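Shown next, in C-alpha coordinates, is the structure this report addresses.
Note that the structure is predicted; figures quoted are calculated from it, not measured.
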Amino acid sequence: MGSTVDAANKGVNGAASAKKPTVIFVLGGPGSGKGTQCAYIVEHYGYTHLSAGDLLRAEIKSGSENGTMIQNMIKEGKIVPSEVTIKLLQKAIQENGNDKFLIDGFPRNEENRAAFEKVTEIEPKFVLFFDCPEEEMERRLLGRNQGREDDNIETIRKRFKVFLESSLPVIQYYEAKGKVRKIHAAKPIEDVFQEVKAVFSPEDEKSNAKYLGTVINYRGQVAAAMKLTIL
(Lines give C-alpha, C1' and ligand atoms only; values in the text may rest on other atoms or scores of the structure.)
Protein backbone atom coordinates (compact mmCIF):
# COMPACT_ATOMS: atom_id res chain seq x y z
CA MET A 1 0.00 0.00 0.00
CA GLY A 2 1.52 3.35 -1.03
CA SER A 3 2.20 5.97 1.64
CA THR A 4 1.78 9.74 1.44
CA VAL A 5 5.58 10.03 1.21
CA ASP A 6 5.61 7.64 -1.76
CA ALA A 7 2.94 9.72 -3.47
CA ALA A 8 4.89 12.91 -2.80
CA ASN A 9 8.10 11.39 -4.14
CA LYS A 10 6.24 10.25 -7.24
CA GLY A 11 4.99 13.81 -7.75
CA VAL A 12 8.48 15.27 -7.34
CA ASN A 13 9.97 12.77 -9.76
CA GLY A 14 7.19 13.48 -12.26
CA ALA A 15 7.86 17.22 -12.00
CA ALA A 16 11.59 16.66 -12.52
CA SER A 17 10.99 14.52 -15.59
CA ALA A 18 8.65 17.18 -17.01
CA LYS A 19 11.44 19.75 -17.39
CA LYS A 20 10.54 22.03 -20.26
CA PRO A 21 12.77 21.90 -23.34
CA THR A 22 14.56 24.94 -24.77
CA VAL A 23 12.71 26.11 -27.87
CA ILE A 24 13.84 28.61 -30.49
CA PHE A 25 11.34 29.68 -33.14
CA VAL A 26 12.92 30.08 -36.59
CA LEU A 27 10.96 32.41 -38.87
CA GLY A 28 11.50 33.86 -42.32
CA GLY A 29 9.72 34.06 -45.64
CA PRO A 30 9.69 31.10 -48.04
CA GLY A 31 13.14 30.88 -49.64
CA SER A 32 14.87 32.90 -46.89
CA GLY A 33 17.31 30.03 -46.31
CA LYS A 34 16.27 29.21 -42.78
CA GLY A 35 16.24 25.45 -43.42
CA THR A 36 19.87 25.50 -44.57
CA GLN A 37 20.92 27.55 -41.55
CA CYS A 38 19.02 25.24 -39.19
CA ALA A 39 21.16 22.34 -40.48
CA TYR A 40 24.30 24.33 -39.59
CA ILE A 41 22.94 25.13 -36.11
CA VAL A 42 22.18 21.44 -35.49
CA GLU A 43 25.73 20.51 -36.48
CA HIS A 44 27.46 23.20 -34.41
CA TYR A 45 25.21 23.60 -31.36
CA GLY A 46 23.43 20.26 -30.86
CA TYR A 47 19.83 21.36 -31.41
CA THR A 48 17.15 19.14 -32.96
CA HIS A 49 15.55 20.71 -36.03
CA LEU A 50 11.77 20.38 -36.29
CA SER A 51 10.34 21.80 -39.50
CA ALA A 52 6.61 22.46 -39.21
CA GLY A 53 6.43 22.25 -43.01
CA ASP A 54 8.20 18.86 -43.14
CA LEU A 55 5.92 17.47 -40.42
CA LEU A 56 2.87 18.65 -42.34
CA ARG A 57 4.15 17.20 -45.62
CA ALA A 58 4.84 13.86 -43.89
CA GLU A 59 1.24 13.88 -42.68
CA ILE A 60 0.05 14.51 -46.24
CA LYS A 61 2.09 11.54 -47.50
CA SER A 62 0.53 9.32 -44.82
CA GLY A 63 -2.77 9.57 -46.72
CA SER A 64 -4.75 10.38 -43.56
CA GLU A 65 -7.87 12.54 -43.50
CA ASN A 66 -5.80 15.21 -41.77
CA GLY A 67 -3.24 14.92 -44.55
CA THR A 68 -5.84 15.57 -47.28
CA MET A 69 -7.14 18.63 -45.42
CA ILE A 70 -3.56 19.94 -44.99
CA GLN A 71 -2.81 19.41 -48.70
CA ASN A 72 -5.87 21.38 -49.80
CA MET A 73 -5.04 24.28 -47.47
CA ILE A 74 -1.41 24.46 -48.64
CA LYS A 75 -2.55 24.50 -52.29
CA GLU A 76 -4.73 27.51 -51.50
CA GLY A 77 -1.88 29.23 -49.63
CA LYS A 78 -3.84 29.06 -46.36
CA ILE A 79 -2.49 28.39 -42.87
CA VAL A 80 -3.15 24.98 -41.34
CA PRO A 81 -5.21 25.05 -38.06
CA SER A 82 -3.05 25.56 -34.97
CA GLU A 83 -4.14 22.38 -33.18
CA VAL A 84 -3.01 20.21 -36.11
CA THR A 85 0.52 21.63 -36.25
CA ILE A 86 0.91 21.83 -32.46
CA LYS A 87 -0.09 18.18 -32.10
CA LEU A 88 2.54 17.15 -34.67
CA LEU A 89 5.21 19.30 -32.98
CA GLN A 90 4.38 17.99 -29.50
CA LYS A 91 4.62 14.41 -30.69
CA ALA A 92 7.99 15.07 -32.34
CA ILE A 93 9.37 16.74 -29.18
CA GLN A 94 8.12 13.98 -26.87
CA GLU A 95 9.58 11.23 -29.06
CA ASN A 96 12.99 12.90 -29.22
CA GLY A 97 15.64 12.49 -26.51
CA ASN A 98 17.04 16.01 -26.92
CA ASP A 99 16.02 19.02 -24.82
CA LYS A 100 16.95 21.76 -27.34
CA PHE A 101 14.76 22.37 -30.38
CA LEU A 102 14.66 24.67 -33.38
CA ILE A 103 11.04 24.97 -34.50
CA ASP A 104 11.22 26.08 -38.12
CA GLY A 105 8.31 27.83 -39.83
CA PHE A 106 6.09 28.09 -36.74
CA PRO A 107 4.23 30.00 -35.33
CA ARG A 108 2.82 31.28 -38.60
CA ASN A 109 0.38 33.72 -37.00
CA GLU A 110 -0.71 35.17 -33.65
CA GLU A 111 -3.24 32.41 -33.09
CA ASN A 112 -0.50 29.78 -33.60
CA ARG A 113 1.71 31.61 -31.12
CA ALA A 114 -0.90 31.97 -28.40
CA ALA A 115 -2.11 28.37 -28.82
CA PHE A 116 1.43 26.95 -28.69
CA GLU A 117 2.30 28.81 -25.48
CA LYS A 118 -1.03 27.87 -23.87
CA VAL A 119 -0.97 24.18 -24.83
CA THR A 120 2.73 23.48 -24.25
CA GLU A 121 3.35 26.10 -21.52
CA ILE A 122 6.63 26.84 -23.32
CA GLU A 123 7.86 30.30 -24.32
CA PRO A 124 10.69 30.43 -26.85
CA LYS A 125 14.14 31.40 -25.64
CA PHE A 126 14.17 33.74 -28.63
CA VAL A 127 13.01 34.04 -32.25
CA LEU A 128 15.59 33.73 -35.02
CA PHE A 129 14.23 35.84 -37.89
CA PHE A 130 15.78 35.49 -41.35
CA ASP A 131 15.06 38.79 -43.07
CA CYS A 132 15.30 38.52 -46.87
CA PRO A 133 13.93 40.68 -49.74
CA GLU A 134 10.96 39.16 -51.58
CA GLU A 135 12.76 39.33 -54.96
CA GLU A 136 15.65 37.24 -53.64
CA MET A 137 13.33 34.67 -52.03
CA GLU A 138 11.36 34.33 -55.28
CA ARG A 139 14.57 33.85 -57.27
CA ARG A 140 15.73 31.10 -54.91
CA LEU A 141 12.41 29.26 -54.90
CA LEU A 142 12.07 29.25 -58.66
CA GLY A 143 15.68 28.12 -59.01
CA ARG A 144 15.46 25.08 -56.74
CA ASN A 145 14.18 21.78 -58.09
CA GLN A 146 12.75 19.81 -55.18
CA GLY A 147 9.59 18.73 -56.95
CA ARG A 148 7.51 20.53 -54.35
CA GLU A 149 3.96 21.16 -55.40
CA ASP A 150 3.96 24.58 -53.72
CA ASP A 151 7.01 25.86 -55.67
CA ASN A 152 5.19 27.53 -58.58
CA ILE A 153 5.04 31.29 -59.09
CA GLU A 154 1.36 31.70 -58.20
CA THR A 155 1.58 29.72 -54.96
CA ILE A 156 4.92 31.32 -54.05
CA ARG A 157 3.37 34.78 -54.22
CA LYS A 158 0.40 33.63 -52.15
CA ARG A 159 2.88 32.34 -49.55
CA PHE A 160 4.68 35.71 -49.51
CA LYS A 161 1.36 37.48 -48.93
CA VAL A 162 0.38 35.09 -46.12
CA PHE A 163 3.79 35.53 -44.48
CA LEU A 164 3.60 39.33 -44.55
CA GLU A 165 0.03 39.47 -43.26
CA SER A 166 0.26 36.71 -40.65
CA SER A 167 3.83 36.07 -39.52
CA LEU A 168 5.13 39.62 -39.18
CA PRO A 169 2.76 40.36 -36.25
CA VAL A 170 4.31 37.38 -34.43
CA ILE A 171 7.78 38.82 -34.99
CA GLN A 172 6.57 42.22 -33.77
CA TYR A 173 5.07 40.61 -30.64
CA TYR A 174 8.37 38.97 -29.67
CA GLU A 175 10.36 42.04 -30.72
CA ALA A 176 8.45 44.03 -28.10
CA LYS A 177 9.65 41.46 -25.54
CA GLY A 178 13.27 41.75 -26.70
CA LYS A 179 13.26 38.20 -28.04
CA VAL A 180 13.94 38.68 -31.77
CA ARG A 181 17.38 38.05 -33.28
CA LYS A 182 17.31 39.38 -36.85
CA ILE A 183 19.60 37.83 -39.47
CA HIS A 184 20.27 39.51 -42.84
CA ALA A 185 19.57 36.50 -45.05
CA ALA A 186 20.18 37.82 -48.58
CA LYS A 187 23.93 37.25 -48.27
CA PRO A 188 25.83 34.05 -49.24
CA ILE A 189 25.20 31.04 -46.98
CA GLU A 190 28.53 31.20 -45.12
CA ASP A 191 28.17 34.94 -44.45
CA VAL A 192 24.66 34.39 -43.10
CA PHE A 193 25.95 31.67 -40.78
CA GLN A 194 28.56 34.07 -39.38
CA GLU A 195 25.65 36.23 -38.19
CA VAL A 196 23.89 33.16 -36.80
CA LYS A 197 27.02 32.14 -34.87
CA ALA A 198 27.15 35.58 -33.28
CA VAL A 199 23.66 34.91 -31.89
CA PHE A 200 24.36 31.40 -30.58
CA SER A 201 27.92 31.90 -29.30
CA PRO A 202 27.69 34.77 -26.77
CA GLU A 203 27.25 32.42 -23.80
CA ASP A 204 30.35 30.47 -24.81
CA GLU A 205 32.24 33.70 -25.29
CA LYS A 206 31.13 34.96 -21.85
CA SER A 207 32.32 31.72 -20.24
CA ASN A 208 35.66 31.97 -22.00
CA ALA A 209 36.06 35.62 -21.02
CA LYS A 210 35.27 34.80 -17.39
CA TYR A 211 37.84 31.98 -17.42
CA LEU A 212 40.51 34.18 -19.02
CA GLY A 213 39.75 36.94 -16.53
CA THR A 214 40.26 34.50 -13.64
CA VAL A 215 43.56 33.27 -15.11
CA ILE A 216 44.86 36.80 -15.65
CA ASN A 217 43.83 37.82 -12.14
CA TYR A 218 45.54 34.74 -10.68
CA ARG A 219 48.75 35.44 -12.61
CA GLY A 220 48.70 39.02 -11.38
CA GLN A 221 48.37 37.85 -7.77
CA VAL A 222 51.26 35.39 -8.21
CA ALA A 223 53.47 38.09 -9.74
CA ALA A 224 52.67 40.46 -6.87
CA ALA A 225 53.45 37.78 -4.31
CA MET A 226 56.78 36.98 -5.98
CA LYS A 227 57.69 40.67 -6.01
CA LEU A 228 56.98 40.97 -2.26
CA THR A 229 59.08 37.86 -1.57
CA ILE A 230 62.06 39.31 -3.46
CA LEU A 231 61.77 42.62 -1.60
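Tyr173 meets the ring pair (Phe, Tyr, Trp, His ring centres under 6.0 Å) test with no other residue; sequence neighbours excluded. Residues that satisfy the salt bridge (charged side-chain N to carboxylate O under 4.0 Å, His left out) test with Lys187, not counting sequence neighbours, are Glu195. Residues meeting the side-chain hydrogen bond (donor to acceptor under 3.5 Å, both in side chains) test with Lys87, sequence neighbours left out: none. Legend: residues meeting ring pair (Phe, Tyr, Trp, His ring centres under 6.0 Å) with His184, ordered by chain and number and at least two apart, are absent. Partners of Leu50 by side-chain contact (heavy atoms from CB on, under 4.5 Å), not counting sequence neighbours, listed by chain and number: Thr48, Leu89, Ala92, Ile93, Phe101. For Glu110, the salt bridge (charged side-chain N to carboxylate O under 4.0 Å, His left out) criterion is met by Arg113, not counting sequence neighbours. Residues passing the side-chain hydrogen bond (donor to acceptor under 3.5 Å, both in side chains) test with Ser62, sequence neighbours excluded: Ser64. With sequence neighbours excluded, the residues satisfying side-chain hydrogen bond (donor to acceptor under 3.5 Å, both in side chains) with Glu76 are Lys78. Remark: Glu134 pairs with no residue by the salt bridge (charged side-chain N to carboxylate O under 4.0 Å, His left out) rule, at least two apart or across chains. Take Ile189 and apply the side-chain contact (heavy atoms from CB on, under 4.5 Å) test, not counting sequence neighbours, and it matches Thr36, Gln37, Tyr40.
The aromatic rings of Phe25 and Phe106 sit perpendicular, their planes meeting at an angle over 60°, well past the 30° parallel limit.
Within the structure, the salt bridge (charged side-chain N to carboxylate O under 4.0 Å, His left out) test picks out the following pairs touching residues 96-105 (sequence neighbours left out): Lys34-Asp104. Sequence neighbours left out, the pairs with a member in residues 160-173 that pass salt bridge (charged side-chain N to carboxylate O under 4.0 Å, His left out) are Lys161-Glu165.
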*asked:* Under the criterion side chain to side chain contact (heavy atoms under 4.5 Å, CB included), I'd like the reasoning laid out for Val23 against Thr120: C-alpha separation, chi angles, the key distance, then a yes or no.
replied: CA-CA 11 Å; Val23 166; Thr120 65; over 6 Å; no
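Put simply, the side chain of Arg140 gets close to the backbone of Ser32: a donor and an acceptor are under 3.5 Å apart.
Remark: aromatic rings of Phe126 and Phe200 are close, center separation under 6.0 Å.
Residue-environment remark: NZ (Lys158) exceeds the threshold of 12 foreign heavy atoms within 6.0 Å.
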